[in-house]
Amino acid sequence: MFLSAISSSLMPQFSSHLSRVVLRVSNILQLQQFHAQLIQHALHRHDYWVARLIAFCTHFHAPSDYICRIFDSIHQPGVMVFTNMLRYYSKCGGNNEILMLFEEMQNCGLKPDACVYPVVIKAAGNGGVLFHSQFVKMGLDSGKYIRNALLNAYGKYGPIEAGRLLFDEMTERSVADWNAIISGYWNWGCEGEAKRLFDLMPDKNVITWTTMVSGYSKMKDLENARSYFDRMPEKSVVSWNAMLSGFAQNGFSEEALSLFNEMVSTGVTPDETTLVTVISSCSSCGDPALAESVVKTLGDRGVCLNPFAKTALLDLYAKCGRLEMARKIFNELGVYRSSVTWNSMISAYMRTGDIPAANELFDQMPKKNVVSWNSMIAGYAQNGQSSLAIELFKEMINEHIMPDEVTMVSVISACGHLGALELGNWVVNFINAHHINLSLSGQNSLIFMYSRCGSMNEAKLIFDEMETRDVVSHNALITGFAAHGNGVEALKLMQKMKDEGIEPDRISYIGILTACSHSGMLEEGRKVFESINAPDIDHYACIVDLLGRVGKLDEARKVVEAMPVSPHAQVYGSLLNACRIHKRVDLGEFAANKLFELEPENSGNYILLSNMYASAGKWKEVDRIRELMKTRGLMKTTGWSWVEYDRKIHKFIVGDRSHEQSDEIYHTLAELKRKMKAAGYIADKSNVLRDVEDEDKEEMVGTHSERLAVAFCLLVSEQGTVIRVVKNLRICWDCHTAIKMISKLEKREIIVRDNNRFHHFKDNKCSCNDFW
DNA sequence: TTAGGGTTAG
């Protein structure tokens with residue numbers, strides 16, 4: 001029957017025989033027999049028959065190299081062969097091949113069939129609309145399918161207004177045209193116009209309704225999505241899938257699973273896409289057993305796992321900690337791995353902290369996309385490798401991969417962890433220059449970054465300018481106030497968030513209590529602590545710290561002894577620190593002994609105790625602790641000190657001479673020493689200079705690297721500017737004294753970060769109110 | 001031979 005449409009001039013002499021063969025082709029084997037017949041009759045280069053052959057290949061999913069061989073064997077393909085090749089590539093998503101073939105076809109002087117244009121427009125992506133004016137000139141713009149393809153291109157890539165103009169000009173509009181423009185409006189977030197056209201549309205079909213469901217889902221308006229879904233005159237499996245993914249992608253995985261049950265009990269047969277969404281929902285619920293049972297049940301009904309579903313399953317196993325199962329699927333997928341498969345496996349390794357394995361896959365990955373880079377950058381950041389995260393971000397830019405908001409959240413957060421403000425500011429400029437829009441989580445990360453870098457004014461500015469704020473936004477700012485010892489602002493913010501109807505969570509309370517503690521606000525802190533519904537162990541650590549810092553050491557000890565849960569190291573750490581400040585050796589020894597039981601390997605605790613003895617002038621005890629550390633093999637653990645300068649992080653360690661400006665740094669240090677001597681800072685009980693001369697002791701108190709960092713800052717910074725010493729600068733007693741003196745000698749303000757806390761040194765004074 | 005649904009990163 002289909003042969004009757006072919007003009008007789010194209011019919012070769014054996015056509016009647018072949019037509020019988022053609023009619024019998026119903027699988028790939030018969031297709032090959034048909035091919036053999038063509039060769040036998042020397043028709044394997046004839047345009048019409050080869051075109052038929054390619055159409056069969058497309059229909060029966062013949063391997064691509066088989067089809068390419070057929071195409072390549074024709075020296076001068078005609079319009080029909082080209083057309084069917086284009087259709088083949090259209091079916092398997094070979095957009096580049098379509099554009100190349102289309103060009104080749106024109107170069108050969110062949111006039112493409114009108115049916116080719118919609119395929120080419122679709123394949124051209126955002127370039128599809130460029131054909132529009134060409135079609136107008138050629139008089140092709142009245143073609144039904146061409147106009148629909150153009151409408152789709154405008155809907156997907158914009159400008160949507162141009163699509164609307166085309167739509168309005170049309171005298172006859174098909175259902176597909178209406179659907180295309182409505183879908184286009186959803187794509188551009190124009191809910192009002194999408195709804196208006198939906199209401200105006202005369203004959204809506206199931207696709208129209210489904211477009212509305214997925215449109216509202218994408219706008220996170222699940223109430224309306226569900227309402228349209230419930231009102232649909234008929235539902236297809238795609239409609240169910242749209243509603244399912246609406247729930248799944250907006251974090252309502254349990255609702256998705258219950259809708260899936262409803263779908264099955266209604267008698268709708270799920271397809272492979274359903275399976276993908278359901279597996280992903282099981283993954284969010286942390287329920288691999290459910291996913292396995294669904295896979296099995298649907299498998300029994302003939303629904304199989306396509307590469308999408310297999311990737312979803314891989315991700316499920318990865319997230320449930322079954323890495324070997326995930327890797328097995330990854331290996332089995334072979335050529336069917338997509339970039340999503342690779343990315344999922346990379347982040348699986350990063351999640352378990354296996355950076356080398358993630359790195360290996362990243363290097364092997366054939367086509368990296370922005371998510372691949374984001375997975376790596378976030379992975380580094382989450383594994384405490386902030387500097388490497390930033391290095392990778394720079395590499396990404398060098399490779400001309402455009403970062404998105406997700407990239408920036410990781411990078412901003414990495415800058416925050418490093419306390420690298422200059423770098424942070426550069427990142428903010430980058431975001432502005434490239435018009436990267438920051439959502440709530442992006443703005444929250446900015447507040448975190450500025451707070452960690454000590455720029456509270458900037459942090460507040462971001463906070464104040466935000467349209468909506470959540471508990472994380474408030475916590476980021478409260479934690480910043482806490483680090484700066486600003487209890488008043490922290491308490492104000494707590495009240496403000498309550499007024500806005502946002503209930504403080506455990507993190508908020510830790511921040512507020514810390515702020516009170518660093519400001520010496522005993523009564524306010526007590527009140528807050530008493531108001532917490534069920535204070536946890538960290539809240540206890542905060543109140544112990546507060547009581548200890550203000551000198552209520554016995555009360556602090558009573559709280560520790562009366563705690564409903566057994567205290568962790570942080571609780572005893574706070575107590576020991578308080579004992580150091582107030583020189584309460586007896587209680588300090590009690591706390592230290594508890595700490596040595598809980599964390600025998602943590603050299604910081606020994607240093608804290610040693611510093612307590614030092615502040616009390618008990619030098620014999622200081623030496624005893626040093627010996628203890630030596631016998632326990634804890635002398636090697638010396639931290640790096642990091643300084644941010646000119647958007648680079650400079651690292652220093654004890655006895656370090658690896659820095660390229662080492663000579664100048666040591667020279668500056670010696671100069672400082674000379675100035676201090678001249679200013680009379682020699683013979684007092686401070687061990688500042690003693691440490692500089694005694695390498696052994698330096699290692700114990702770990703201040704040499706810090707002083708190198710300070711010397712570096714002095715070296716590179718302009719007179720009078722703020723010096724920013726970042727990360728790992730544990731300010732022990734002598735270092736604190738040293739920086740105070742430096743600030744006076746050099747007449748500058750020095751800002752030093754001590755873990756989460758900032759110290760502003762100016763004119764031999766420090767902003768903190770500890771009793772140093 | 002047109003229009004609706006899918007997996008990954010913060």
Side-chain angles (χ1 to χ4, degrees), chain A residues 87 90 114-115 117-119 121-122 143-152 155-156 173-184 186 201 204-215 217-218 232 235-246 248-249 270-281 283 305-316 318-319 329 333 337-348 350-351 369-379 381-382 403-414 438-442 444-445 472:
Chain A
R87 282 182 174 150
S90 163
C115 69
Y117 290 106
V119 173
I121 293 168
K122 195 175 172 192
K144 183 181 171 190
Y145 294 110
I146 290 178
R147 275 187 325 201
N148 187 268
L150 284 171
L151 267 182
N152 269 307
K156 280 199 179 82
R173 300 180 192 102
S174 68
V175 180
D177 294 327
W178 281 91
N179 289 344
I181 191 79
I182 292 173
S183 167
W186 278 121
M201 186 172 170
K204 305 170 183 67
N205 66 5
V206 64
I207 297 178
T208 325
W209 284 90
T210 308
T211 307
M212 296 305 278
V213 172
S214 80
S217 292
K218 275 174 198 141
M232 286 175 81
K235 294 181 182 80
S236 68
V237 64
V238 180
S239 322
W240 284 91
N241 290 344
M243 195 61 240
L244 279 173
S245 79
Q249 286 172 356
D271 67 2
E272 290 170 333
T273 303
T274 321
L275 204 48
V276 174
T277 313
V278 170
I279 293 172
S280 143
S281 299
S283 168
L305 291 175
N306 65 11
F308 281 98
K310 281 183 183 161
T311 299
L313 203 60
L314 179 160
D315 193 61
L316 169 97
K319 283 184 177 145
I329 297 174
L333 270 168
R337 285 173 205 149
S338 68
S339 58
V340 180
T341 320
W342 284 88
N343 293 341
S344 187
M345 201 65 229
I346 287 172
S347 47
M350 278 301 196
R351 220 173 284 127
N369 60 14
V370 67
V371 179
S372 326
W373 287 88
N374 288 352
S375 306
M376 289 298 290
I377 293 171
Q382 285 156 7
D404 63 8
E405 197 210 343
V406 179
T407 327
M408 300 328 290
V409 169
S410 295
V411 173
I412 294 167
S413 152
L438 293 187
S439 67
L440 181 67
S441 60
N444 286 346
S445 67
V472 180

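Throughout, protein chains are lettered first and strands after them, A, B, ... in sequence-line order, and every chain is numbered starting at 1.
- A search for side chain to side chain donor-acceptor pair (under 3.5 Å) contacts involving A/Ser245 returns nothing, not counting sequence neighbours.
- Annotation: side chain to side chain donor-acceptor pair (under 3.5 Å) contacts of A/Ser281 (sequence neighbours excluded): none.
- Between A/Leu438 and A/Glu405, the closest heavy-atom pair is CD2-CG, 3.6 Å.
- Nucleic acid contact for A/Thr208: none, since no nucleic acid atom lies under 4.0 Å from a heavy atom of the residue.
- A/Asp271 comes within 4.0 angstrom of a nucleotide base, judged by non-hydrogen atoms across all strands.
- Scanning DNA chain B 5' to 3' for nucleotides with an atom closer than 4.0 angstrom to a non-hydrogen atom of chain A gives a first and last hit of B/dT1 to B/dG10.
- In this structure A/Ser441 satisfies the side chain to side chain donor-acceptor pair (under 3.5 Å) test with no other residue, sequence neighbours excluded.
- In this structure, A/Thr211 reaches the sugar-phosphate backbone alone: every heavy-atom distance under 4.0 Å involves primed, P, OP1 or OP2 atoms, never a base.
- If you check every strand for non-hydrogen atoms under 4.0 Å, A/Gln382 touches sugar and phosphate atoms only.
- The salt bridge (Lys or Arg N to Asp or Glu O under 4.0 Å) search around A/Lys319 returns A/Asp315, not counting sequence neighbours.
- In this structure, A/Val175 reaches the bases: a heavy-atom distance under 4.0 Å links it to at least one base atom across the strands shown.
- Applying the side chain to side chain donor-acceptor pair (under 3.5 Å) rule to A/Asn369 yields the partners A/Ser339, A/Asn343, A/Ser372; only residues at least two apart in sequence or on another chain are considered.
- If you check every strand for non-hydrogen atoms under 4.0 Å, A/Lys319 touches sugar and phosphate atoms only.
- In this structure, A/Asn152 reaches the sugar-phosphate backbone alone: every heavy-atom distance under 4.0 Å involves primed, P, OP1 or OP2 atoms, never a base.
- When heavy atoms are screened at a 4.0 angstrom cut-off, A/Thr210 is found touching base atoms of the nucleic acid.
- If you check every strand for non-hydrogen atoms under 4.0 Å, A/Arg87 touches a base.
- At the heavy-atom level, A/Ser236 lies under 4.0 Å from base atoms of the strands shown.
- Counting non-hydrogen atoms under 4.0 angstrom, A/Val119 reaches the backbone sugars and phosphates but no base.
- A/Ala149 comes within 4.0 angstrom of no nucleic acid atom, judged by non-hydrogen atoms across all strands.
- Here A/Lys235 lies out of heavy-atom contact (under 4.0 Å) with every strand.
- Contacts of A/Val370 with the nucleic acid, taken as non-hydrogen atoms under 4.0 Å apart, are absent.
- Results of the side-chain contact (heavy atoms from CB on, under 4.5 Å) test with A/Asn241 over A/Thr274, A/Leu275, A/Thr277, A/Thr210 single out A/Thr274 as the only residue that passes.
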